[in-house]
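Here is the structure we will look at, set down as structure tokens.
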Amino acid sequence: MSKRIEVNDLNVYYGKFKAVEDVSMLIEPRSVTAFIGPSGCGKSTFIRTLNRMHEVIPGAYVEGQVLIDGDDLYGPGVDPVLVRRQVGMVFQRPNPFPTMSIRDNVLAGVKLNNRRISKSDADELVERSLRGANLWNEVKDRLERPGASISGGQQQRLCIARAIAVEPEVILMDEPCSALDPISTLAIEDLIEELKQDYTIVIVTHNMQQASRVSDRTAFFNIAGTGHPGKLIEYDDTRIIFSNPSVKATEDYVSGKFG
Amino acid sequence: MATTVSMPKTLTQGQLHPRTPWVVLGLSIAGAAGVVSLISMASGEEFSLVGTVALGVLAYLVMIVILSRQIEGSRKATDRLVTALVTGAFLIAMTPLVSLVSTVVILGSERFDAEFFTFSMRNIVGEGGGAVHAIVGTLLMTGTAAIISIPIGLFTAIYLVEYGRGPLARAITFFVDVMTGIPSIVAGLFAFSLFAIFFGPGVRMGFAGATALAVLMIPVVVRSCEEMLRVVPNELREASFALGVPKWLTILNVVLPTSAAGIATGIMLAIARVIGETAPLLIVAGFTASMNTNMFADRMQSLPVFVFTSYANQGVDTQAYLDRAWAGALTLILIVMALNLLARLIARFFAPKLGR
Ligand SMILES: Nc1ncnc2c1ncn2[C@@H]1O[C@H](COP(=O)(O)OP(=O)(O)O)[C@@H](O)[C@H]1O
Ligand SMILES: [Mg+2]
């Protein structure tokens, strides 16, 4: 499990508005890649193109290539639904399904697709996914409680469990900790560290410490001003981005001079 | 009065005692009653209850505001004024409702007996008889109308919210809005002319009545379902998409369950809205004294039409007809109330399970 992502000359549009311009990058399997940059520079927009969630928005489209182990996500005849089963996503705000129990939330990928699963397989999948998301011990006694009945940090880990239950190759996280308290944030960071053994992880974060703590590679995006498209400014090992970046803007941003 | 004017600078300073407003209200009403009875004695007219209440409330407003301004300050005084006005508006709005319900209950209970629910009006002139044919007819026609309109309305709403973009969706929204405003008599004429094409003029059948009701019901269902679907947060749809769930399954398994409570309520209210329709049924379903359970042939009675015809064609024993009309009205109100209760139960049953 876990695949390599290759992005070639990607432009991303909302209708006529070009939100992200000319991004190329290579993301290695079993690594954590962090996207940083000021608000509005297109980090969310770009990360959503990696599992074709971008086109859910009316009028939104993409030019260029995104290859996952050589297969073009935007090639003719590619089913976005199958793409999303390989590339999972965790959102900024925890969003468990309110009509479902904790257990059903974990099984959502199976149940929502109306697939049958035996009770024992389901039990095993629930336990494995919740353990994978470091949540098992906290909720094992209340699996039938509503998904919204646990704390925000637990809900976010539940969403991660839900994402890994469909056994994707890649997990995208768009500011997964920005709605959480420091303790929950730490729990998620530890989790990312573990998940990287099995998955390719891409994470958007506004928190420099977080980027430097969890990621192997860091991409810095920037924007020339409102109305201009966001661009990939620099992409390198996290160590280098934070200690010795080659572009002035990156240095200014990571040292807190703007943004 | 247990006010604490003498205790300055505490958090509870300058408050009217909770009972004070009630005392003031009682005094105002009593005073108003005195004034009004004096006037009525002087002018020789009858004592006016409405006048008393109006004058009393006015006096209360003035007194409570002055009192409160003296003791509690102007912020509290404004609060008391607005509270009194809002409460008054509520009571005024409730008055006709309470009066209507009590009238119907009192007059309707006269004939609200077993015979009313077991007999039709076949071969009955004068006393006795019942409305079972009308009740069955109403349930059949409204049920059929619901079976026609719920799928059409729900699917239209799903189209508008989940798929519809551009001119087609705008056109549908426009026509749904127009349809919401169609007078019910027009729906009846529409159904009549539609069925006259196939069955010749003079056609009367329950199904035609159901069609007319469906025409009235569809826009209401579309509107309420649309609103309910729109409040489902987009995050949930995206969460589902991100798990590799196709759009139609997302709608079926995430959007509809999340909004099920609201949709069920909306549908029940739409049914309650059309179950009392009289005009279209009078035209296309006609009226009859006998039981008819065949939707596709012959006239079919319904409760509103039963009430109307009992009142319009009072026979020799006038009181018997009037009593039956009121009992029919009471039955109709009870059915609508039952539907509303059912809607609440369904809403509670489907409601998203939040919290601990
Ligand atoms: N749904 C949308 N429709 C149109 N424009 C959007 C939409 N979402 C984001 N944008 C625009 O795209 C640009 C990038 O936004 P975003 O990707 O959310 O930035 P970031 O996540 O880096 O803060 C912004 O200019 C924003 O206004
Ligand atoms: Mg963002």
Side-chain angles (χ1 to χ4, degrees), chain A residues 47-48 50-59 79-102 104-115 142 144-151 158-159 162-168 171-174, chain B residues 154 158-173 225-226 228-266 345-356:
Chain A
I47 201 174
R48 286 164 61 95
L50 301 182
N51 66 343
R52 296 194 59 167
M53 283 298 286
H54 178 61
E55 64 206 49
V56 170
I57 294 161
D79 182 354
V81 170
L82 298 181
V83 170
R84 292 178 201 138
R85 283 184 197 163
Q86 289 195 12
V87 186
M89 184 158 201
V90 175
F91 296 84
Q92 182 166 353
R93 282 205 352 189
N95 52 2
F97 296 114
T99 50
M100 296 184 194
S101 65
I102 293 174
D104 285 351
N105 261 289
V106 178
L107 294 174
V110 177
K111 293 215 159 166
L112 293 179
N113 277 310
N114 285 355
R115 257 182 284 147
R142 40 177 170 161
E144 297 308 325
R145 303 296 318 276
S149 68
I150 48 181
S151 79
L158 177 60
C159 293
R162 180 174 74 182
I164 57 185
V166 293
E167 300 177 347
I171 300 178
L172 310 174
M173 302 185 178
D174 189 355
Chain B
L154 185 56
I158 290 176
Y159 172 78
L160 286 177
V161 175
E162 305 289 340
Y163 295 94
R165 307 264 176 272
L168 180 60
R170 276 201 298 277
I172 293 177
T173 309
C225 291
E226 198 188 339
M228 290 306 141
L229 294 176
R230 279 200 203 284
V231 299
V232 174
N234 239 342
E235 300 169 5
L236 294 183
R237 294 185 181 90
E238 295 200 339
S240 175
F241 293 150
L243 293 171
V245 181
K247 185 161 186 172
W248 73 275
L249 281 171
T250 300
I251 294 170
L252 186 68
N253 291 336
V254 175
V255 178
L256 287 179
T258 309
S259 53
I263 289 178
T265 315
L345 284 181
I346 293 177
R348 179 164 308 173
F349 177 74
F350 279 120
K353 287 136 198 90
L354 298 164
R356 303 130 208 269

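The structure presented is a predicted model; accordingly, all values stated were derived computationally and were not measured. Basis for what follows: all heavy atoms, side chains included, without hydrogens, waters or symmetry-related copies. Chain naming here is simple, since letters A, B, ... match the order of the sequence lines and numbering starts at 1 in each.
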Contact list for residues 161-173 of chain B, test side chain to side chain donor-acceptor pair (under 3.5 Å), sequence neighbours left out: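 Sorted pair list: B:E162-B:R237.
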All pairs passing side chain to side chain donor-acceptor pair (under 3.5 Å) where residues 82-91 of chain A contributes a residue, at least two apart: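 Every pair satisfying side chain to side chain donor-acceptor pair (under 3.5 Å) with a residue in residues 82-91 of chain A: A:R85-A:N113.
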Using non-hydrogen atoms and a 4.5 Å limit, figure out which bit of [X] sits close to chain B: side chain, backbone, both or neither.
X: A:V87; result: backbone
X: A:F97; result: both
X: A:R52; result: neither

Distance, nearest 0.5 Å, that separates CG of B:L249 from NZ of A:K111: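 Answer rounded to 0.5 Å: 14.5 Å.
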Which heavy-atom pair separates [X] from [Y] by the least distance, and what is that distance?
X: B:A239; Y: A:N95; result: CB-ND2, 3.4 Å
X: A:P98; Y: B:L236; result: CD-CD1, 3.5 Å
X: B:E238; Y: A:M53; result: O-CE, 3.4 Å
X: B:L243; Y: A:A108; result: CD1-CB, 3.8 Å

Among A:V83, A:N114, A:N51, A:D79, residue most engaged with chain B (heavy-atom pairs, under 4.5 Å):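 The answer is A:N114.
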Partner of B:P246 by side chain to side chain contact (heavy atoms under 4.5 Å, CB included), out of A:V81, A:L82, A:L112: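 With B:P246 as partner, side chain to side chain contact (heavy atoms under 4.5 Å, CB included) holds for just one option, A:V81.
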B:F241 and A:P80, any side-chain heavy atoms less than 4.5 Å apart: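 No - every pair of side-chain heavy atoms lies 4.5 Å or more apart.
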